[in-house]
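Just so it is clear, the values below take in all heavy atoms, side chains as well, and ignore hydrogens, waters and symmetry mates. Quick note on labels: first sequence line is chain A, next is B, and so on, each numbered from 1.
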There are 2 protein chains.
Amino acid sequence: MQYLIIKNAIAEQIENGMLEPGHKLPSERVLADAFSTTRITLREALNYLALSGKVYKEERRGWFVSQEALIFNPAQELDILKVCKKYNRSYKTELIDSKRILAPKMVADTLNLPPFSYVVMYSRLIIIEGRKVAVQYQYLPEALFPSLATMDNDIDVISLLKEQYLLHCPSLRVKVGVFPATEGESAVLNISSGSMLMDIHQSAINNNKKGYLLQVIRCCHDVIEIEIK
Amino acid sequence: MQYLIIKNAIAEQIENGMLEPGHKLPSERVLADAFSTTRITLREALNYLALSGKVYKEERRGWFVSQEALIFNPAQELDILKVCKKYNRSYKTELIDSKRILAPKMVADTLNLPPFSYVVMYSRLIIIEGRKVAVQYQYLPEALFPSLATMDNDIDVISLLKEQYLLHCPSLRVKVGVFPATEGESAVLNISSGSMLMDIHQSAINNNKKGYLLQVIRCCHDVIEIEIK
DNA sequence: GAGTGGTCTAGACCACTGT
DNA sequence: CAGTGGTCTAGACCACTCC
């Protein structure tokens with residue numbers, strides 16, 4: 001199988017440090033020529049390489065060498081940017097949207113909200129080392145955070161929680177899966193529609209079974225490794 | 001984009017119950033004809049559909065409709081077959097291999113073993129509803145289970161642990177990721193080389209920091225959803 | 001042995017990116 | 001505007017599965 005040979009050849013170049021994290025690979029046509037094959041076969045090799053987390057693709061921009069994965073413990077940590085800091089990675093977030101909505105079923109179920117509850121939702125784009133790597137959604141029940149309903153601006157949800165609630169919360173409930181990107185996520189992350197994202201749900205529930213935060217992180221799978229201790 | 005239209009059309013058939021879990025889809029050539037396209041484009045649609053966990057492929061056998069995912073809590077449960085029982089799914093395991101080996105670095109690190117420790121390793125194939133869905137590896141330090149070294153046969157590791165150790169273990173340490181199948185795994189699972197598998201590491205460490213089990217489950221990603229409470 | 005999926009060729013056109 | 005990736009066509013041959 002030619003595509004496996006090509007995949008391994010490129011993987012070796014990366015492991016030997018010939019291609020540094022973040023760098024762009026030569027264009028598909030150049031690589032196809034170099035391996036005396038067609039673009040279809042070459043793309044097959046790159047797609048498999050991407051599954052292994054060694055390279056990633058940005059829509060219409062090309063293929064890039066992945067950084068080493070960040071190890072993240074979603075049962076104890078809400079703030080993924082803190083992990084970036086630990087790894088000395090540059091990072092940035094951008095507010096995509098914030099709004100007050102009727103709690104969707106998934107949110108209401110997770111946070112044990114009564115019917116017709118409103119939640120405030122923030123969605124943010126997470127950018128690490130200049131790469132758009134994840135979308136983060138935070139849902140806060142309006143009943144517990146009445147002041148939020150009147151705020152349009154970005155706020156630091158995690159600090160807010162720490163002040164008000166987090167001390168009473170022994171640990172987070174976590175759900176992890178792998179699901180394809182929605183249209184919207186593909187657009188903001190610059191990835192092809194339907195690519196696979198790692199899906200991390202973290203919910204903070206107090207001892208009275210009241211949920212005060214659901215955070216959903218949808219992240220390119222080569223970026224994060226999950227470890228729960 | 002034609003392939004997205006095809007993907008959605010097939011997804012709709014599944015959601016409407018026209019295609020039942022476990023059933024085989026028509027052949028690629030038939031489907032390509034039905035959508036007036038080429039096999040390449042049709043395969044692209046199916047590949048994306050597979051990412052979303054709605055269908056899966058068996059090597060050279062065809063495409064099948066996925067079952068609903070099992071929800072599994074790896075922080076509290078070692079035995080995935082118990083979960084099958086809960087969901088009323090038929091299941092079976094087959095011993096692939098059992099041997100005594102020098103602990104690989106990953107195992108020694110996880111279980112805090114001294115250099116040159118031996119471990120006993122069992123690998124098993126997990127079959128649910130007739131489908132080969134996962135490979136399970138169990139590593140037990142020989143020092144803690146001296147009787148195992150002389151045994152060739154299959155044993156129920158989980159029962160053994162429960163008897164000897166598990167009562168002292170408050171919870172398991174878990175690591176989750178997404179990694180491609182190795183050659184060997186592809187072969188036993190009947191999936192294409194390099195397809196994506198969900199990777200679940202569970203380690204049982206006692207209060208003296210002695211590790212007495214590392215279990216690694218490598219599972220088709222449409223089969224399991226992970227939930228940690 | 002017929003049919004299937006796995007792999008590959010050799011092109012093509014379009015929309016978009018980067019300069 | 002040149003070059004890139006995204007998508008698609010219309011074939012082909014092989015190895016394997018299933019009957």
Side-chain angles (χ1 to χ4, degrees), chain A residues 1-10 22-51 55-65 130-132 180-181 183 185-196 220, chain B residues 1-10 22-51 55-65 130-132 180-181 183 185-196 220:
Chain A
M1 268 99 66
Q2 209 175 332
Y3 73 88
L4 286 181
I5 297 170
I6 297 172
K7 188 195 94 172
N8 293 332
I10 299 175
H23 279 198
K24 188 173 180 304
L25 295 174
S27 82
E28 293 181 357
R29 284 171 177 85
V30 168
L31 284 174
D33 264 7
F35 290 104
S36 305
T37 185
T38 56
R39 269 179 71 207
I40 301 250
T41 302
L42 181 96
R43 278 168 72 92
E44 186 142 27
L46 287 174
N47 278 324
Y48 275 109
L49 202 55
L51 281 186
V55 299
Y56 64 93
K57 177 165 62 163
E58 286 186 30
E59 186 84 350
R60 288 186 186 284
R61 295 203 347 109
W63 296 86
F64 299 82
V65 180
R131 172 183 171 201
K132 297 168 180 173
E183 294 280 313
E185 288 162 347
S186 305
V188 290
L189 292 176
N190 256 302
I191 57 180
S192 44
S193 175
S195 350
M196 174 184 53
C220 296
Chain B
M1 267 98 66
Q2 208 174 333
Y3 73 88
L4 286 180
I5 296 170
I6 297 172
K7 188 195 94 171
N8 293 334
I10 300 175
H23 279 197
K24 189 174 180 306
L25 271 69
S27 81
E28 293 181 356
R29 284 172 178 84
V30 168
L31 284 174
D33 264 7
F35 290 105
S36 306
T37 185
T38 56
R39 269 179 72 209
I40 300 249
T41 301
L42 181 96
R43 278 168 71 90
E44 186 143 27
L46 287 175
N47 278 325
Y48 275 108
L49 203 54
L51 281 186
V55 299
Y56 64 94
K57 179 166 60 163
E58 286 186 29
E59 187 83 350
R60 288 188 184 283
R61 294 202 348 109
W63 296 86
F64 299 83
V65 180
R131 171 182 171 203
K132 298 168 180 172
E183 293 280 314
E185 288 161 348
S186 305
V188 291
L189 292 175
N190 256 301
I191 57 180
S192 44
S193 174
S195 348
M196 174 184 56
C220 297

> Can a cation-pi geometry be assigned to A/R131 and A/F64, taking NZ or CZ under 6.0 Å from the six-membered ring centre and within 45° of the ring axis?
Replying inline: no
>> In this structure, how many angstroms lie between the P atom of D/dC8 and the OH atom of B/Y48, rounded?
In response: 10 Å
> Between B/E28 (CD) and D/dA15 (C1'), how many Å, whole number?
Replying inline: 15 Å
> Just checking A/S192: base, sugar-phosphate only, or nothing, at a heavy-atom cut-off of under 4.0 Å?
Replying inline: nothing
> Base, sugar-phosphate alone, or nothing: which one does A/S27 contact when heavy atoms must sit under 4.0 Å apart?
Replying inline: sugar-phosphate
>> Between C1' on C/dG6 and CH2 on B/W63, what's the gap in Å once rounded to a whole number?
In response: 11 Å
>> Pair B/E183, A/L4 - check side-chain contact (heavy atoms from CB on, under 4.5 Å), show working.
In response: CA-CA 11 Å; B/E183 293 280 314; A/L4 286 181; 4.2 Å; yes
> Mind checking what makes side chain to side chain contact (heavy atoms under 4.5 Å, CB included) contact with B/A181, not counting sequence neighbours?
Replying inline: B/E185, B/S186, B/I191, B/L197
> Tell me: CG of B/D33 to P of D/dG11, nearest whole Å?
Replying inline: 12 Å
>> Taking 4.0 Å as the cut-off, does a side-chain nitrogen or oxygen of A/Q2 come that near to OP1 or OP2 on C/dG6?
In response: no
> Over how many whole Å does the gap from A/I40 atom CD1 to C/dT9 atom P extend?
Replying inline: 10 Å
> Whole-Å distance between D/dT4 P and A/K24 NZ?
Replying inline: 7 Å
>> Suppose we screen for side chain to side chain contact (heavy atoms under 4.5 Å, CB included). Which residues come up paired with A/R39, at least two apart in sequence or across chains?
In response: A/E28, A/R29, A/A32, A/R43
>> Rounded to whole Å, how long is the line connecting atom CZ of A/F35 with atom P of C/dT7?
In response: 18 Å
>> Whether A/T41 contacts C/dT9 is assessed here as follows: a side-chain N or O lying under 4.0 Å from the phosphate OP1 or OP2. Is that the case?
In response: yes
> Does A/Y3 make a side-chain N or O approach to OP1 or OP2 of C/dC8 shorter than 4.0 Å?
Replying inline: no
> Over how many whole Å does the gap from A/E58 atom CD to D/dG5 atom P extend?
Replying inline: 12 Å
> Does the pair B/I6 and B/I10 meet the rule for a side-chain contact (heavy atoms from CB on, under 4.5 Å), with working shown?
Replying inline: CA-CA 6 Å; B/I6 297 172; B/I10 300 175; 3.9 Å; yes
> Where the side chain of B/S27 meets the backbone of B/V30, is there a donor-acceptor pair that is under 3.5 Å apart?
Replying inline: yes
> Nucleotide by nucleotide, 5' to 3', does protein get under 4.0 Å of the base (B), only the sugar-phosphate (S), or neither (-) in nucleotides 12-19 of chain C, counting heavy atoms?
Replying inline: BB-BSSS-
> What distance do B/L25 atom CG and B/Y56 atom OH have between them, rounded to the nearest 0.5 Å?
Replying inline: 10.5 Å
